[in-house]
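Because only heavy atoms are used, hydrogens play no part in the values below, and waters and symmetry mates are left out as well, while side chains stay in. Treat the numbers as computed from the prediction; the structure is a model and nothing was measured. We count ligands from 1, going down the list as the structure has it; atoms in each ligand are counted the same way.
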Amino acid sequence: MPAQTTAPSAESGLMVRAEQVHKSFGPLEVLKGIDLEVRSGEVCCLLGPSGSGKSTFLRCINHLEKIDAGRIWVDGDLIGYRERGGKLYEMRDKEVAAQRRAIGMVFQRFNLFPHMTVLQNVTEAPVLLRQAKKAQAREHAAQLLDRVGLGDKLGAYPGQLSGGQQQRVAIARALAMRPKLMLFDEPTSALDPELVGEVLDTMKDLARDGMTMIVVTHEIGFAREVGDHLVFMDGGVVVEQGDPREVISAPQHERTKAFLAKVL
Ligand code: ADP
Ligand code: MG
């Protein structure tokens with residue numbers, strides 16, 4: 001680990017700051033020094049070819065993967081480490097779990113519990129983790145499900161819903177933990193094309209309500225319309241970043257150009 005550098009201050013308005021994040025799997029170096037900043041309330045779209053390390057990077061932010069070097073702060077908190085007397089110590093599992101609860105994640109595959117109703121899927125974690133009493137959790141869940149347009153599906157089972165509806169339940173489930181930050185890993189790539197729009201609309205609403213989001217996506221239209229910031233990754237590094245409209249209309253790097261030519 002490199003020498004300790006200072007955490008972003010509350011006044012900096014940064015929700016996420018990643019500094020020289022490295023991650024290898026055995027001999028395979030997947031992240032080769034990622035620097036990234038996401039301001040509070042901002043939607044950061046992460047683009048890049050398959051295998052460039054996008055999922056790994058998201059997983060590092062919420063500590064599903066442990067980084068080899070570098071630092072990640074979320075809302076001023078160093079992920080996975082605690083500072084005491086000028087030294088850094090690895091956090092215990094319990095502390096890591098507490099940090100992770102503040103970060104919601106939505107995957108390509110929704111992984112809802114098939115034997116539970118929509119409402120139960122959304123209340124399960126907050127109740128289990130004793131974040132809320134059952135009645136409170138139900139009320140909050142019903143509000144969230146209403147917000148994602150599923151107020152009439154509380155008693156349905158995942159198998160009775162379309163892929164788009166299931167993904168919206170997954171979003172409500174993540175929101176039930178009242179996260180400060182939402183991470184989306186290709187949330188629409190497993191959906192039939194006609195169901196993509198409803199999920200993107202839900203995400204757009206969330207962005208409008210001020211949620212800070214990092215979204216890995218190939219949906220260039222979403223990045224252009226909703227994104228405040230676009231980051232293009234390739235081969236484990238950030239190749240190019242900036243205003244989505246500018247990067248998309250006038251990419252500076254050959255690799256960005258080649259990628260955009262394929263997905264546009
Ligand atoms: P992306 O999301 O951009 O497609 P990933 O982060 O999923 O890229 O993967 C980047 C590289 O890391 C790929 O070569 C992938 O095979 C490898 N990789 C990801 N997770 C693991 C793992 N747990 N063990 C070994 N290799 C992994
Ligand atoms: Mg991926």
Legend entry - Lys NZ or Arg CZ of K87 over Y89 ring: under 6.0 Å, within 45°: no

Inset, instruction - Measure from the side-chain N and O atoms of N121 to the backbone N and O of M116, and report whether any donor-acceptor pair falls under 3.5 Å. - result: yes

Inset, instruction - Ignoring hydrogens and angles, tell me if any N or O in the side chain of D75 forms a donor-acceptor pair with the backbone of M15 under 3.5 Å. - result: no

Legend entry - Verdict with supporting geometry, Y81 and R71, side chain to side chain contact (heavy atoms under 4.5 Å, CB included): CA-CA 9 Å; Y81 294 87; R71 298 272 183 273; 5.6 Å; no

Inset, instruction - Could you tell me whether E139 atom CD has more than 12 heavy atoms of other residues or ligands within 6.0 Å of it? - result: no

Legend entry - Heteroatom N/O/S of S50 within less than 2.8 Å of the Mg ion (ligand 2): no

Legend entry - Residue, atom name and distance, where the atom is the protein heavy atom closest to atom 27 (C) of ligand 1: F25 CD1, 3.3 Å

Legend entry - Residue S50 vicinity, atoms of ligand 1 by number, heavy atom under 4.0 Å: 4 (O)

Inset, instruction - Using protein heavy atoms only, decide if any is under 4.0 Å from atom 16 (O) of ligand 1. - result: no

Legend entry - Protein residue, atom and distance nearest to atom 14 (O) of ligand 1, heavy-atom basis: L28 CD2, 3.7 Å

Legend entry - atom 7 (O) of ligand 1: nearest protein contact (heavy atom, Å): S55 CB, 3.6 Å

Legend entry - Under 3.5 Å donor-acceptor, D185 side chain and S55 backbone: no

Inset, instruction - Do me a favour and list the nearest non-hydrogen protein atom to atom 4 (O) of ligand 1 with residue, atom name and distance? - result: G51 N, 2.7 Å

Legend entry - Residue, atom name and distance, where the atom is the protein heavy atom closest to atom 8 (O) of ligand 1: G53 N, 3.2 Å

Legend entry - Expected output: side-chain E95 to main-chain R92 donor-acceptor under 3.5 Å: yes

Inset, instruction - Would you mind listing which atoms of ligand 1 come within a distance below 4.0 Å of any non-hydrogen atom of T56? - result: 5 (P), 6 (O), 9 (O), 19 (C)

Legend entry - Heavy-atom protein contact below 4.0 Å for atom 10 (C) of ligand 1: yes

Legend entry - Residue-ligand contact G48/ligand 1, heavy atom below 4.0 Å: no

Inset, instruction - Keeping the roles fixed (side chain from K54, backbone from P49), state whether a donor-acceptor pair exists under 3.5 Å. - result: yes

Legend entry - Atoms in ligand 1 with a heavy atom of P49 nearer than 4.0 Å: 3 (O)

Inset, instruction - Kindly say whether A250 contributes a backbone atom to a donor-acceptor pair with the side chain of Q252 at under 3.5 angstrom? - result: yes

Inset, instruction - Identify the protein heavy atom lying closest to atom 12 (O) of ligand 1, giving its residue, its atom name and the separation to 0.1 Å. - result: V30 CG2, 3.1 Å

